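Have a look at the structure below before the remarks.
Convention: sequence-line order gives letters A, B, ...; per-chain numbering from 1. The structure displayed is predicted, hence computed values, not measured ones.
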Amino acid sequence: MPELPEVEVTRATLAGRLCGATLRWVRLGKPLRWPLGCEPSILVGLRAGELQRRGKYLWLPLAPAATPCDVHDPSRAPSATAHAGGLLMHLGMSGSLNFSLAPPPPGPHDHVDLAFDQGVLRLTDPRRFGAVVWSDALHRPPASRLLERLGLEPFDPRLTAQALHQALASRRTPIKVALMAGDIVVGAGNIYASEILFQAGIDPRTPAQRIGLRRCERLLVALRQVLARAIELGGSTLRDFHDAHGVDGVFQDEAQVYGREGQVCRRCGARVRRIVQAQRSTFYCPACQRR
DNA sequence: ATGGGTACCTGTCTGC
DNA sequence: TGCAGACAGGTACCCA
């Protein structure tokens with residue numbers, strides 16, 4: 001999927017287009033990971049607020065909009081049951097959001113169309129691990145249930161080396177698995193976890209609790225550098241991902257280890273290795289990364 | 001509380 | 001060419 005950089009790039013390219021737009025109709029395709037959780041018709045007439053990101057989730061606030069246009073056209077006025085809330089969206093492993101004025105007819109992998117007065121937001125997701133879920137508020141279920149287990153944002157100033165060190169102290173699991181778990185710090189998925197650990201010079205098999213304070217400092221710097229650079233480059237496009245205007249990311253061209261099994265390390269010339277951790281591929285340089 | 005495995009679903013690639 | 005099997009960016013849930 002879309003890891004944090006891809007979700008952030010999606011948010012940034014969409015936010016300006018959606019804010020203030022009024023929802024006109026909704027089309028649902030095949031079921032996604034979780035049901036929408038409301039009757040689609042109650043969304044019609046609601047107005048979008050500022051698109052936000054939390055971890056790899058996107059939150060689109062929607063509130064009743066009593067514009068003069070709606071008042072004069074009862075069929076478009078918010079229904080009596082309309083109330084503020086929002087849509088919590090996740091791109092799963094293969095999802096992407098695209099915004100366009102006149103999208104082509106939906107294909108077999110186009111599962112949600114949200115048609116606003118300024119264009120159509122379409123979720124395309126071949127594997128259907130993604131989701132779009134209605135929630136009354138971020139701090140109420142079902143959104144709160146999905147967000148409550150999330151750790152700190154990588155750029156949150158509360159995430160210090162000391163805080164990271166303390167959080168890792170109780171984990172015997174390999175550092176790569178702990179990074180990806182998302183309950184300490186969010187955003188590092190399978191690609192970036194490998195890249196971050198390469199940058200920090202840490203062997204991905206190292207038990208998390210054996211990472212000392214000094215190495216936590218390096219890990220934190222690497223985490224922020226790698227994610228910031230990936231956002232700058234529009235994320236990584238392996239096969240499915242594009243930003244909301246259809247533009248590919250190019251971070252994969254800068255990857256030091258991910259997807260490079262058997263190729264030479266760009267830093268030292270050793271061969272990059274692939275191992276499996278928690279049923280996921282991990283790539284690392286056995287010379288640059290130490291236990 | 002932590003850790004490991006499974007499940008969800010579909011497309012693509014590899015090797016026989 | 002056909003087919004089986006492995007693999008793919010995530011994460012909730014179950015059980016030990």
Distance test, side-chain N/O of A:S281 to OP1/OP2 of C:dC7, below 4.0 Å | no
DNA chain B: A:D183 or A:A278, which has the more 5' nearest nucleotide?
-> A:D183
Please check the phosphate of B:dC9 (OP1 and OP2 only) for any side-chain N or O of A:R33 closer than 4.0 Å.
-> no
When rounded to whole Å, the CG to P distance for the pair A:L32 and C:dG10 reads 17 Å
Donor/acceptor link under 3.5 angstrom from A:R127 side chain onto base of B:dC9 | yes
Can you find a side chain N or O atom of A:Y258 that sits less than 4.0 Å from OP1 or OP2 on C:dA8?
-> no
Closest to side chain of A:Q279, choosing from B:dG4, B:dT6, C:dA8 | B:dT6
Under 4.0 Å: is that the gap between some side-chain N or O of A:S94 and OP1 or OP2 of C:dA8?
-> no
Looking only at side-chain N and O atoms, does A:H109 come under 4.0 Å of OP1 or OP2 in B:dG11?
-> yes
Which one, C:dG10, C:dC13, C:dA12, comes nearest to the side chain of A:R145?
-> C:dC13
With the side chain of A:L146 defined as its heavy atoms from C-beta on, choose the nearest nucleotide among C:dA12, B:dC9, C:dA8.
-> C:dA12
Which listed nucleotide (B:dG3, C:dA12, C:dG10) is nearest to the side chain of A:R172?
-> B:dG3
A:R128 CZ - B:dG11 C1' separation (whole Å) = 13 Å
Please evaluate the base of B:dT2 for a donor-acceptor partner in the side chain of A:R171 within a cut-off of under 3.5 Å?
-> no
Report the residue (A:A167 or A:F129) whose heavy-atom-nearest nucleotide on DNA chain B is the more 5′ of the two.
-> A:A167
To the nearest Å, how far apart are A:I275 CD1 and C:dA6 C1'?
-> 18 Å
Map every base of DNA chain B to its dot-bracket character, where paired means a Watson-Crick or G-U wobble contact with both distances under 3.5 Å and | marks a partner outside the strand.
-> .|||||||.|||||||
